[in-house]
Amino acid sequence: MSIPADLRQSRPTISFEFFPPATPAGAETLWDAIRRLERVQPDFVSVTYGAGGTTQDRTVAVTERIAQETTLTAMAHLTCVGASVAQLRRVVGQYAAVGIRNILALRGDPPRGGDGRWVAHPEGLSRAEDLVALIKTLGDFTVGVAAFPDIHPESAGFDNDVEVLVRKADAGADLAVTQMVFDADSYLRLRDAVAARRDLPVAPGLMPVTNLKQIARMSELMGTPLPQPVVRRLTAVEGDPEAVRRVGVEIATELARRMLDEGAPGLHFITMNHSGATLEAFGNLGLAAVR
Ligand code: FAD
């Protein structure tokens, strides 16, 4: 079954996100996580594309290996950063050549160290919606896109974010996955506003926090502050790594339960290449039993 058809089924889809490792030790950790998470039969897994397109070869290699050596359906991320249209076509061709038919089409962030403004490659693309349209001309691909319940940092506001998602749907996007959610109401507001205009399944991103410093850094990079109640619960136990992890899994479980109760079509777990916290949240939700 295709990913969009899965997302429209009555049961929620489960997906896991990985990043391409930079070292042999990192690869071992990743593959251990993939093998453990494979056992719960997610609907798909995705592999990120490094900032500035820096991991292109590794993203292709990891996604290819997942597609060829596991039972998992793989989705590869792809960004427009620093790439001409000809280069983007080549990467899509590389994915197709190794049997990858699912791509998460992203604009990407401006490279770090610059003035923070987005600058497209002179022969490249400036918007994810253009990448969606390009990929759709290149073959029979399922295309996912990014969504931002807490409003994209460069966006004029909520209405613009909704409009951008509608435009991505009109360009051919089959599904959307959100930035990691820490406020279920923000997710539901965006999901409902999009649903009123287009039939685009929007799955929330979910990260069971295991490390307070790491999540604080990620939230800064995303330009989205963590909600105060979440910060309070995590900082109350910050001296005790085991307790941080337990509270992080609790928060993810509560958020997931609420969003599933409200009809979220799936959950996209950001695993950071580890299986433990994700499997705990998954188990707490009783998802294994209904799969
Ligand atoms: P766009 O949809 O092009 O939006 C970029 C900005 O332009 C937004 O502010 C948007 O509101 C505005 N905009 C777009 N179109 C219009 C329009 N027609 N009119 C007015 N304004 C418009 N980054 C990576 O580098 N690698 C990854 O693997 C990666 N994976 C991600 C996975 C998920 C699930 C998410 C949510 C994000 C991911 N990102 C990744 C980050 C993403 O690339 C950045 O957040 C980037 O800044 C925005 O990408 P986008 O695809 O949403 O861009």
Side-chain angles (χ1 to χ4, degrees), residues 3 7 15-21 44-56 58-60 62-63 74-83 88 91 95 100 102-112 114 116-121 124-135 143-182 186-187 190-191 193-194 200-207 218-224 266-273:
I3 294 173
L7 278 157
S15 50
F16 299 133
E17 182 176 302
F18 304 110
F19 63 87
F44 66 96
V45 300
S46 79
V47 182
T48 62
Y49 200 77
T54 43
T55 66
Q56 180 183 320
R58 279 184 275 137
T59 301
V60 175
V62 170
T63 321
M75 171 178 264
H77 297 209
L78 176 61
T79 75
C80 306
V81 180
L88 291 168
V91 183
Y95 285 141
I100 311 290
N102 309 300
I103 299 181
L104 192 71
L106 303 143
R107 185 200 68 177
D109 282 320
R112 267 177 240 161
R117 277 186 315 126
W118 166 260
V119 182
H121 184 285
L125 304 176
S126 281
R127 286 178 174 162
E129 74 184 69
D130 300 328
L131 182 58
V132 174
L134 174 70
I135 296 168
V143 180
V145 291
F148 298 87
D150 298 307
I151 302 173
H152 188 268
E154 294 164 49
S155 169
F158 178 75
D159 291 345
N160 179 67
D161 276 10
V162 174
E163 188 58 38
V164 168
L165 272 174
V166 165
R167 294 176 69 108
K168 290 178 183 180
D170 291 347
D174 300 288
L175 67 139
V177 179
T178 75
Q179 191 67 278
M180 59 184 84
V181 171
F182 285 100
S186 304
Y187 160 73
L190 182 64
R191 192 266 323 251
V194 174
L200 180 76
V202 180
L206 203 60
M207 181 163 141
M218 287 177 82
S219 125
E220 200 182 310
L221 284 176
M222 289 179 328
T224 318
L267 297 174
H268 183 76
F269 286 92
I270 296 145
T271 68
M272 302 307 290
N273 291 0

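Just so you know, ligand 1 is whichever comes first in the structure, and atom 1 is the first atom listed for that ligand. Remember, predicted model here, so these are calculated numbers, not experimental data.
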Contact (N/O only, under 3.5 Å) between [X] and ligand 1:
X	answer
Thr79	no
Asp109	yes
Ala147	no
His152	yes
Ala128	yes
Thr48	no

Which residue and atom name correspond to the protein heavy atom nearest [atom], and how close is it?
atom	value
atom 45 (O) of ligand 1	Phe148 CZ, 3.3 Å
atom 26 (N) of ligand 1	Tyr49 O, 2.6 Å
atom 30 (N) of ligand 1	His77 ND1, 3.0 Å

Is Gly108 in contact with ligand 1, taking contact as a heavy-atom separation below 4.0 Å? yes

Answer yes if a protein heavy atom lies under 4.0 Å from atom 4 (O) of ligand 1, otherwise answer no. no

Please lay out, stage by stage, how His77 and Thr48 fare under the test side chain to side chain donor-acceptor pair (under 3.5 Å). CA-CA 5 Å; His77 297 209; Thr48 62; 5.4 Å; no

Side chain, backbone, both or neither: which part of Trp118 comes within less than 4.0 Å of ligand 1 when only heavy atoms are counted?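 None of Trp118 does.
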
At what distance, to the nearest 0.5 angstrom, does [atom1] of [X] lie from [atom2] of [Y]?
X	Y	atom1	atom2	value
Arg167	Asp130	CZ	CG	8.5 Å
Thr271	Phe16	OG1	CZ	8.5 Å
Asp161	Glu154	CG	CD	10.5 Å
Leu134	Leu78	CG	CG	8.5 Å
Leu190	Phe158	CG	CZ	5.5 Å
Met75	Ser15	CE	OG	8.5 Å

I'd like to know if the side chain of [X] and the backbone of [Y] have a donor-acceptor N/O pair within less than 3.5 Å.
X	Y	value
Tyr187	Val202	yes
Thr178	Gly205	yes
Asn102	Ala74	yes

Non-hydrogen side-chain atoms of Asp109 and Val81 separated by less than 4.5 Å: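 Result no, sub-4.5 Å side-chain heavy-atom pair not found.
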
Could you tell me, atom by atom, which parts of ligand 1 come under 4.0 Å of a heavy atom of [X]?
X	result
Lys168	2 (O), 50 (P), 51 (O), 52 (O)
Asp161	11 (O)
Ala146	35 (C), 36 (C), 37 (C), 52 (O)
Asn160	11 (O), 20 (C), 21 (N)
Glu154	9 (O)
Gln179	36 (C)
Thr178	34 (C), 36 (C)

Nearest candidate to [atom], where distance is taken over non-hydrogen atoms, out of [options]:
atom	options	value
atom 32 (C) of ligand 1	Leu104, Val177, Leu125	Leu104
atom 31 (C) of ligand 1	Val164, Leu106, Val132, Val166	Leu106
atom 49 (O) of ligand 1	Glu17, Glu129, Arg167, Arg107	Arg107

Closest non-hydrogen atom pair between Leu125 and Trp118, with its separation: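 Taking every non-hydrogen atom into account, O-CZ2, 3.6 Å.
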
Should we count CD of Glu220 as having more than 12 external heavy atoms under 6.0 Å?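 Incorrect, the count does not exceed 12.
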
